[in-house]
Colleague: 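To start, I am sharing the structure in question, which I have written as structure tokens.
We count residues from 1, following the sequence as given. This one's a predicted model, so the numbers in the text were calculated from it and none came from an experiment.
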Amino acid sequence: MTVRRGGTTILDGVDLALPAGRCTALLGANGCGKTTLSRALLGQVAVSAGEVRVLGETLGRTDVRRLRRRVGVVAPAVDPSGEMHVPGAVVDAELSATEAVCTGFFGTVGRYDRPGDGQIEAARATLDRVGLGHRRDAVFGRLSTGEQRRAVLARALVAGPELLILDEPTAGLDVLGRECMLATLDELLAGPRPPAVLLITHHVEELPAATHRVALMRDGHLHAVGPPDVVMTPEHLTATLGCPVYVQRRGSRYWLEVLPEARLSLLGGGGAGHVER
């Protein structure tokens, strides 16, 4: 698919398949088009060329509202001006954690539909699953950032989605919060009937151990797509991030370091170090 806004091409001929029951990580620098791709999957951004098929349905030829009920999302909320906000903003802050998770059954931000007893029990079980069972009656707006993020993940999971889109789900979290989130993902992917997962990030250390494929994006193009041990190389990541880096695998995770000799040019206006777009 290709996405253009005015005279600017945001995504240019992106061709990507997300295997069912597997985690595909989309990795790239800020501004490369990652979030636009996720919003195109949700029918929030119209494609200029090509087509988008989600769970067997072609966008533009199906009821998007019905399709979205089969998709779980953890992503920054977007207001009409296009500004991004924290993921916690996708639900009413005055709801309890359980009530917030129940909104995932209806695709609402507030308590506009009354959940049934079975849905309430499912919400509580899902909070247990993400390690928040002890906070199920707490007011959502009073949860910590990490707890809010896990509650939003529970909201995305409660209705049993077939596709789960995670747009920088660990952004702003401390180490404990990040590891709780990644452990939840690994457990989800190891369980029965896991969804297809699209994990969007710009930090290689945030790739869960269960990551099956990695797609590297730069300037709206896919630079490389394949298994992590093939794609996660210093050469590929240097080209993707626009900065000389070294990456290595330790156990089941990847860790990245900017090469010391590259740091001399990062603040000097050199092209290699300027990655913000």
Side-chain angles (χ1 to χ4, degrees), residues 16 18 21-42 44 68 71-78 84-91 93 97 100-101 103-104 107 109 123 126-132 135 140-141 143-191 194-217 228 252-256:
L16 181 65
L18 306 177
R22 301 282 193 169
C23 177
T24 299
L26 180 63
L27 184 67
N30 290 337
C32 72
K34 303 188 303 296
T35 293
T36 298
L37 187 149
S38 71
R39 296 187 66 202
L41 287 176
L42 295 169
Q44 297 171 342
R68 285 176 185 164
V71 181
V73 181
V74 176
V78 184
M84 307 297 286
H85 298 286
V86 297
V90 300
V91 294
V101 173
T103 66
V109 297
T126 309
L127 284 169
D128 287 339
R129 185 179 186 182
V130 300
L132 278 183
R135 300 286 277 160
F140 183 87
L143 299 175
S144 70
T145 301
E147 289 172 336
Q148 285 189 2
R149 203 67 57 86
R150 279 188 279 162
V152 172
L153 176 60
R155 177 182 183 270
L157 294 176
V158 71
E162 298 167 64
L163 170 63
L164 179 63
I165 298 176
L166 306 173
D167 192 348
E168 299 189 16
T170 64
L173 298 187
D174 58 20
V175 172
L176 177 60
R178 180 189 72 186
E179 294 305 309
C180 286
M181 179 69 74
L182 297 181
T184 300
L185 290 179
D186 280 329
E187 182 179 14
L188 171 68
L189 289 161
V197 176
L198 176 63
L199 172 65
I200 299 172
T201 183
H202 52 265
H203 295 300
V204 302
E205 65 272 15
E206 294 180 355
L207 271 60
T211 300
H212 176 67
R213 299 173 75 215
V214 176
L216 301 181
M217 176 173 281
S252 60
R253 301 273 290 280
Y254 288 87
W255 304 91
L256 180 144

Colleague: What is the minimum heavy-atom distance between P208 and C23, and which atoms define it?
Modeller: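 Heavy atoms only, the tightest pair is CG-SG, 4.2 Å.
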
Colleague: If you measure from CG on L18 to CG on L199, what distance do you get to the nearest 0.5 Å?
Modeller: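 Separation between the atoms: 11.5 Å.
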
Colleague: Identify the heavy atoms of A151 and L132 that sit nearest to each other, and give their distance.
Modeller: N-CD1, 3.5 Å

Colleague: Keeping the roles fixed (side chain from R129, backbone from A154), state whether a donor-acceptor pair exists under 3.5 Å.
Modeller: no

Colleague: Indicate yes or no: at least one non-hydrogen side-chain atom of V214 is less than 4.5 angstrom from one of V204.
Modeller: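 V214 vs V204: side chains apart.
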
Colleague: Please check if the side chain of K34 supplies one atom and the backbone of G28 the other of a donor-acceptor pair under 3.5 Å.
Modeller: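 Yes; judged by distance alone, with no hydrogens or angles, the pair exists.
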
Colleague: Show every salt bridge (Lys or Arg N to Asp or Glu O under 4.0 Å) that has at least one partner inside residues 174-191, sequence neighbours left out.
Modeller: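 Residue pairs passing salt bridge (Lys or Arg N to Asp or Glu O under 4.0 Å), neighbours aside: E179-R253.
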
Colleague: Is L37 close to L198 at the side-chain level, that is, under 4.5 Å between some pair of heavy atoms?
Modeller: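 Heavy-atom side-chain distance check passes, below 4.5 Å.
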
Colleague: Could you tell me whether the side chain of T170 reaches within less than 4.5 Å of the side chain of T201, counting heavy atoms only?
Modeller: no

Colleague: Could you walk me through whether R150 and L143 pass the side-chain contact (heavy atoms from CB on, under 4.5 Å) test, one step at a time?
Modeller: CA-CA 10 Å; R150 279 188 279 162; L143 299 175; over 6 Å; no

Colleague: Kindly write out the residues that satisfy salt bridge (charged side-chain N to carboxylate O under 4.0 Å, His left out) with R135, not counting sequence neighbours, or none if the list is empty.
Modeller: E147

Colleague: Any side-chain heavy atom of F140 sitting closer than 4.5 Å to one from V101?
Modeller: no

Colleague: Is the shortest heavy-atom distance from the side chain of E168 to the side chain of N30 under 4.5 Å?
Modeller: yes

Colleague: Over all heavy atoms of both residues, which pair between A156 and P161 is shortest? Give the atoms and the distance, please.
Modeller: O-CG, 3.3 Å

Colleague: Taking C-beta and beyond as the side chain, do V71 and L41 meet within less than 4.5 Å on heavy atoms?
Modeller: no

